[in-house]
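As the structure is a prediction and not an experimental result, all values here were calculated from the model.
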Amino acid sequence: MHDGLAPEYGQVNRTGLASATVHDLRPATVANPVAAILLAGSRREGDPLKFGGQGKAMLQIDGQAMLAHVIGTLARTAYIDRFLIVSDEDLTGDATLRRAARGLPMEHVPAGATICRSVLAARKLVPVGQAALLTTADNPLLTPAAATDFLSAAQRNEGLTVGMVPRQVIQARYPESRRTYYKFRDVDTTGANLYFLNGETVDNMLTFWEQVEQHRKKPLKVVKSFGWLNVIGMVMRRFTITEAFARAGRTVGCPVRPHLLKEAEAAMDVDTQKDFETAERILQLRKERIVVDPGAIAALPDRHYAVFDLDRTLTRSGTFTPFLLSTRKGIFAKSVLMLRILRHMILYKAKRINRTTLKNRMLAVAFRHMTREEVEAAADRFARHVLDNQLRGGGLIAVAMHKMDRDDLVLATASIDLYAEPIARALGFKRVVCTRTAFPGGDTPPVVNGENCYGDEKSRLLKDTLLDAGAMMREKIKVTFYSDHYTDMPLLDWADTPIVISPDVRTRGIAMKRGHRIAYW
């Protein structure tokens, strides 16, 4: 791991604390307590980092043992009721660990010859019916918020839940980070050393794991254990992350599900001296910014908006013309419609008509002699097609992350409301700024109601929507805006966090000059 701290690290968040401030999330009682199994033993081949012969777990980082950071974090969540510490020596009597545990019981589990045997030994001490969180001592950057996010989601799952961090999340905060990623069809992820063990089927997984560990020096046998088709499919990125984990679950006889985390630091364990230096610096920054600034709280925005363009931002391609073509069956019918539309596109390119007129003419050609019910049914079918086949994986992850932050999701697009609104509803968007249509009556095709939501008009409509037509002060809202195209540059300049998605050459050049963040989905 070679991590450079991003310049935005430690900015004030919406609670008035530093973005990495540790919150105490633990209530007085716990409905579904979880046992925490902490792997704190030494590697059999030797740890590159040591402390007083007790191994890496007790290495002092920012004033306390690495293991104490992990225990302190988990003790602040709403779920952990005791700690099972797997180590070579009994560490449960250490005063710093006991303080970090906040009165929760700790029990020593002698480390086994392999990780799997250690986990099996600890699991035998977990009462039947109780779930367990498995993590490592070298995870000092884990926060209560990230741990609670993982535990609250994982407790609903039977079997094994695995914490993962998307590449996008890590590169947004630490763009210089170099990590090994698991590459799926829809997302690239890296591990977070967080595992949730729930139910009797977990025993099947542990038995399988023990068998694989016995063949760890024989790669062909390991591959055979997982199945050649599964391994080849992974290498070729044939599976989405959900499909891949489901296949793994069928192989091991235990449901396996991923959970994507939104904190980059959840994937940053400490294996090398470079890792140690980076982790210590982050911990120091967190400590320095833990004091509440009342002035900062007063200045915080009231609303947080995540605004997404649709075409080629959330989707892989444009949508308007494909929507019109989707109303025809067969190549011949689609080709005839395309030829009829093409003449109006040529007039637009020649600047003989504007975009609103172009859209009206294309709608008239496509929907002549169709009833309103037929048009709306076609739009619903097309929306389902886009949702099933055309969305970018990175866009879906970004939407999910903003949902977890409870931001208000807004779709801002030149696409028409007939299919833009069903897509927005399905993705959880609260507001839609788009090109509106109306049905004049009878079998008359739909027409654009007002102006096409593009360029200056899109900018005006979105600002009016977010600022409540001038009733809201600009400094009272925070806007993150995602777009792929230079025509949205005025809105990107206006946003607090402008993010340009998979841009073409012209847009990329403009974005670089203006210092906008560029991401590729």
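Side chains of Asp311 and Thr319: a donor-acceptor N/O pair is present below 3.5 angstrom, by distance only. For the residue pair Asn193 and Asp269, a side-chain donor N or O sits within less than 3.5 Å of a side-chain acceptor on the partner. Side-chain atoms of Asp81 and Gln130 form a donor-acceptor pair, as typed in the model, at a separation below 3.5 Å. A donor-acceptor contact closer than 3.5 angstrom is absent between the side chains of Asn449 and Thr437. With 3.5 Å as the limit, one finds no donor-acceptor pair spanning the side chains of Ser483 and His485. Looking only at atom types and distance, the side chain of Thr143 has no donor-acceptor partner in the side chain of Glu265 under 3.5 Å away. In summary, the side chains of Thr313 and Asp484 do present a donor paired with an acceptor at a separation below 3.5 Å, with no hydrogens or angles considered.
The shortest side-chain heavy-atom distance between His69 and Leu283 falls under the 4.5 Å cut-off. Two residues are said to be in side-chain contact when any heavy atoms from C-beta on lie closer than 4.5 Å; Pro503 and Ile518 meet this criterion. Between Val307 and Leu466 there is a side-chain heavy-atom pair separated by less than 4.5 Å. No side-chain heavy atom of Phe320 sits under 4.5 Å from any side-chain heavy atom of Ser415. Contact annotation: the side chain of Phe276 approaches that of Leu59 to within less than 4.5 Å [non-hydrogen atoms, C-beta and beyond]. Side-chain contact between Leu467 and Ile477 is present, with at least one heavy-atom pair separated by less than 4.5 Å. For the pair His516 and Ile510, the minimum side-chain heavy-atom distance is 4.5 Å or more. Two residues are said to be in side-chain contact when any heavy atoms from C-beta on lie closer than 4.5 Å; Thr315 and Arg392 fail this criterion.
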Next item on the list: Run the numbers on Leu142 and Glu263 for side-chain contact (heavy atoms from CB on, under 4.5 Å), then give the verdict.
Entry: CA-CA 9 Å; Leu142 182 68; Glu263 289 192 12; over 6 Å; no
Item checked: Audit row: Asp407, Lys403, salt bridge (charged side-chain N to carboxylate O under 4.0 Å, His left out) steps and yes/no -> CA-CA 6 Å; Asp407 294 335; Lys403 281 183 180 179; over 6 Å; no
Check: Could you go step by step and tell me if Thr135 and Tyr195 meet the side-chain contact (heavy atoms from CB on, under 4.5 Å) rule?
Finding: CA-CA 6 Å; Thr135 190; Tyr195 307 90; over 6 Å; no
Margin query: Go through it in stages, so that I can follow the logic: the residues are Thr497 and Val479, the test is side-chain contact (heavy atoms from CB on, under 4.5 Å), and I'd like the CA-CA distance, side-chain angles, deciding distance and then a yes or no.
Written below: CA-CA 6 Å; Thr497 306; Val479 180; over 6 Å; no
Next item on the list: Might you work through the side chain to side chain donor-acceptor pair (under 3.5 Å) test for Asn354 and Thr357, ending with a clear yes or no?
Entry: CA-CA 5 Å; Asn354 61 27; Thr357 302; 2.9 Å; yes
Next item on the list: Go through the steps to decide whether Lys56 and Asp138 satisfy the test salt bridge (charged side-chain N to carboxylate O under 4.0 Å, His left out), and finish with yes or no.
Entry: CA-CA 7 Å; Lys56 185 169 64 172; Asp138 61 353; 3.0 Å; yes
Next item on the list: Let me see the working for Leu133 and Ile80 under side-chain contact (heavy atoms from CB on, under 4.5 Å), right down to the final yes or no.
Entry: CA-CA 8 Å; Leu133 170 69; Ile80 304 303; 4.3 Å; yes
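For Tyr305, there are no ring-ring contact (aromatic ring centres under 6.0 Å, His included) partners at least two apart in sequence or on another chain. In this view, Ala424 and Leu411, Phe429, Val432 satisfy the side-chain contact (heavy atoms from CB on, under 4.5 Å) rule, not counting sequence neighbours.
Only one option out of Asp380, Asp417, Val386 pairs with Pro422 in a side chain to side chain contact (heavy atoms under 4.5 Å, CB included); it is Asp380. With Asp408 as reference, Arg303 is the one residue of His304, Lys430, Arg303 to meet the side-chain hydrogen bond (donor to acceptor under 3.5 Å, both in side chains) rule.
A salt bridge does not link Asp504 with Arg508: every distance from a Lys NZ or Arg NE/NH1/NH2 to an Asp or Glu carboxylate oxygen is 4.0 Å or more. Salt-bridge annotation for Lys262 and Asp149: absent, with no side-chain N of the basic residue lying under 4.0 Å from a carboxylate O of the acidic one. Arg372 and Glu376 are joined by a salt bridge, as a carboxylate oxygen and a charged side-chain nitrogen come within less than 4.0 angstrom of each other. Here Asp309 pairs with Lys458 in a salt bridge; the nearest charged N to carboxylate O distance falls below 4.0 Å. For the pair Arg514 and Asp493, the salt-bridge criterion is met [side-chain N within less than 4.0 Å of a carboxylate O]. At a threshold of 4.0 Å, the pair Arg355-Glu457 does not count as salt-bridged, since none of the basic side-chain nitrogens sits closer than that to a carboxylate oxygen.
Geometric assessment of Arg257 against the ring of Phe245 yields a negative cation-pi assignment under the 6.0 Å and 45° thresholds. Stacking of Arg167 on the aromatic ring of Tyr181 is recorded, both the 6.0 Å distance cut-off and the 45° axial limit being met. A cation-pi contact links Arg474 to Trp494, judged by a cut-off of 6.0 Å to the six-membered ring centre and 45° from its axis.
Distance alone, capped at 3.5 Å, is enough to place a donor-acceptor pair between the Ser326 side chain and the Phe323 backbone. No donor-acceptor distance shorter than 3.5 angstrom exists from the side chain of Thr189 to the backbone of Pro166, with no hydrogens or angles considered. Formation of a donor-acceptor pair under 3.5 Å by the Asn360 side chain with backbone atoms of Val448 is found in this model. Judged by distance alone, with hydrogens and angles left aside, the side-chain atoms of Asp275 form a donor-acceptor pair with the main-chain N or O of Asp271 at under 3.5 Å. Between the side chain of Thr435 and the main chain of Cys453, a donor-acceptor pair closer than 3.5 Å is present. Arg102 contributes no side-chain N or O that, together with a main-chain N or O of Ala75, makes up a donor-acceptor pair within less than 3.5 Å. Judged by distance alone, the side chain of Thr356 and the main-chain N or O of Asn452 form a donor-acceptor pair under 3.5 Å. Between the side chain of Arg156 and the main chain of Ser152, a donor-acceptor pair closer than 3.5 Å is present. At distances below 3.5 Å, not a single donor-acceptor pair connects side-chain atoms of Glu421 with backbone N or O atoms of Leu418.
To the nearest 0.5 Å, atoms CZ (Phe481) and CG (Asp488) are separated by 4.0 Å. To the nearest 0.5 Å, the span separating CD1 on Ile416 from CG on Leu363 amounts to 5.0 Å.
Atom CG of Asp388 sits in a crowded spot, with more than 12 heavy atoms from other residues, nucleotides or ligands closer than 6.0 Å.
Ring-plane geometry between Tyr482 and Phe308 is classed as parallel, the angle between the planes falling under 30 degrees on a 0 to 90 degree scale with a further cut at 60.
The two atoms that bring Met164 and Ala192 nearest to each other are N-CB, 4.4 Å, heavy atoms only.
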